[in-house]
Each structure stands twice: as structure tokens, then as C-alpha cells.
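In what follows, a structure is listed as C-alpha cells, so that the remarks can point back to it.
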2 protein chains.
Amino acid sequence: MSINKRIGNRILALRKTQNLSQEALAHKANVDRTYITGVETGKRNVTVRVLERIILALESNFATFFNDKAFQDEK
Amino acid sequence: MSINKRIGNRILALRKTQNLSQEALAHKANVDRTYITGVETGKRNVTVRVLERIILALESNFATFFNDKAFQDEK
DNA sequence: ATGTGACTGTGAGTCCGTT
DNA sequence: AAACGGACTCACAGTCACA
């Protein structure tokens with residue numbers, strides 16, 4: 001699984017726990033709604049600056065975001 | 001502190017523990033040597049795909065990389 | 001409410017070199 | 001060994017009409 005898809009899945013999962021629509025998340029993160037779609041579906045290769053905005057909009061942080069089984073299988 | 005600088009500092013710290021030069025890390029991560037300089041000094045806004053290569057070259061993973069005080073101060 | 005294809009401007013990433 | 005600079009290509013940020 002590509003890093004883009006793992007990140008997209010993680011964002012989707014966190015968004016669901018917050019009961020947010022893509023549109024609501026996009027608004028909080030100050031990005032376009034269709035951009036969230038692209039990220040969640042793994043089509044976008046995000047930079048850390050934009051990823052930070054999305055993570056903060058999910059009321060999380062980098063440490064928590066990547067503290068997930070999907071990000072421990074490497075090394 | 002910007003996310004770029006926090007990531008740069010983390011890469012620098014991990015690289016030091018591995019006793020790698022920027023050039024050696026660049027070679028392992030398959031990126032340009034001047035790019036590592038830019039990332040470590042916080043001037044570059046890396047994409048997650050390249051960040052993954054650097055993290056793997058540091059023989060780490062995303063979960064461990066971001067499991068650091070510098071990435072827990074947000075939220 | 002989510003997904004796709006296409007578009008433009010800017011910056012990611014490379015390659016040459018110098019300090 | 002590390003930082004920096006210029007010039008370059010191509011991909012990402014950001015947006016839209018449409019499905």
C-alpha cells in the first residue's frame with residue numbers, strides 16, 4: 001500500500017470519528033473540498049505543510065496521526 | 001517552529017545517531033545531496049513520498065519518526 | 001455529499017557549481 | 001563535510017465544471 005493511500009485511509013478514518021463531511025473538513029483545513037477527495041483516495045502526494053493543516057483540522061497532531069498500525073510496518 | 005524546521009531537525013538528529021553524512025543519507029534515500037541540506041535547514045517543503053524515502057534511509061518508520069516531543073505540541 | 005479530469009501558477013526536486 | 005546559488009524540469013497546490 002502506497003504512503004499516499006495509507007495517509008488517505010487514516011484521514012478518512014479520523015474524519016469519520018469526527019462525523020465530518022469532506023466539505024466540513026476542507027473548510028476547517030482551508031483547502032478545496034475536491035482536494036480532500038484526492039487525498040483520501042490516495043491520488044494526491046501531499047506536502048507536509050498541507051498535511052499539517054488537515055491533521056490540525058482533525059484536531060490531532062503528527063505524533064497521534066502516525067501512531068497507527070498502518071505506519072509501523074516499515075523499517 | 002514551522003513543520004519544515006521540526007522535520008529538518010528530526011532528520012538531522014536521526015542522521016547523527018546513524019553517523020551518516022548528508023551525502024550518504026542522500027544516496028540511501030535516492031535524493032539529491034543538496035536537497036537534504038534544504039530539508040534539514042527547513043527550507044524545503046517535502047512531499048510524503050520523498051519523506052518516506054528519507055525515513056526508510058534512516059532505518060526508521062513514520063510512527064517512530066513522528067513519535068517525538070516536537071510533534072506533540074499541536075492540537 | 002463524494003469523485004473525476006483538466007487546467008494554471010508555483011514550488012518540489014535535480015544538476016551544475018562555489019564557499 | 002555542510003551550506004548556498006542559479007537554472008532547469010516536472011509535479012504539487014489550488015480551483016472548476018461536471019458527473
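Residue numbers begin at 1 in each chain, while the letters A, B, ... track the order of the sequences.
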Roughly how many Å is it from CZ in B:R49 to C1' in D:dA11, rounded to a whole number? 9 Å
For a quick check under 3.5 Å, do A:N4 and A:S2 share a side-chain donor-acceptor pair by atom type? no
Looking just at side-chain N and O atoms, do A:T64 and A:N67 make a donor-acceptor pair shorter than 3.5 Å? no
Nearest nucleotide by nearest heavy atom, which residue falls closer to the 5' end of DNA chain C, A:R44 or B:K43? A:R44
Distance check needed: C:dT14 P versus B:H27 NE2, whole Å only. 13 Å
Would you classify A:T47 as touching base, sugar-phosphate or nothing, given that sugar-phosphate means primed atoms plus P, OP1 and OP2, and contacts are heavy atoms under 4.0 Å? sugar-phosphate
Starting at the 5' end of DNA chain D and moving along, which residue's nearest nucleotide shows up first, B:I36 or A:R53? B:I36
Could you label the plane-to-plane angle of the A:F71 and A:F66 rings as parallel, tilted or perpendicular, counting under 30° as parallel and over 60° as perpendicular? perpendicular
May I have the distance from B:L51 (atom CG) to C:dA12 (atom P), rounded to whole angstrom? 13 Å
Should the pair B:R6-A:E52 be classified as a salt bridge under the 4.0 Å nitrogen-to-oxygen rule? yes
Whole Å only: how far is the CG atom of B:L12 from the C1' atom of D:dA2? 11 Å
Could you state the interatomic distance from OG1 (A:T17) to CD (A:E59), rounded to the nearest 0.5 Å? 9.5 Å
Verify the contact: side-chain N or O of B:Q22 to OP1 or OP2 of D:dA3, cut-off strictly under 4.0 Å; return yes or no. yes
Quickly work out the B:R33 CZ to D:dA3 P distance and round it to whole Å. 12 Å
What nucleic acid atoms does B:S21 come within less than 4.0 Å of, heavy atoms only: base, sugar-phosphate, or nothing? sugar-phosphate
Whole angstrom value for the distance that separates P of C:dA1 from CD of A:E23: 6 Å
Whole-Å distance between C:dA12 P and A:N45 CG? 12 Å
Which of D:dT15, D:dA3, C:dT2 is nearest the side chain of A:Y35? It is D:dT15
To the nearest Å, how far apart are B:E40 CD and D:dC4 C1'? 14 Å
In terms of side-chain heavy atoms of B:T34, which of D:dC16, C:dC15, D:dA3 is nearest? C:dC15
What's A:D32 touching, base or sugar-phosphate or nothing? Going by heavy atoms closer than 4.0 Å. base
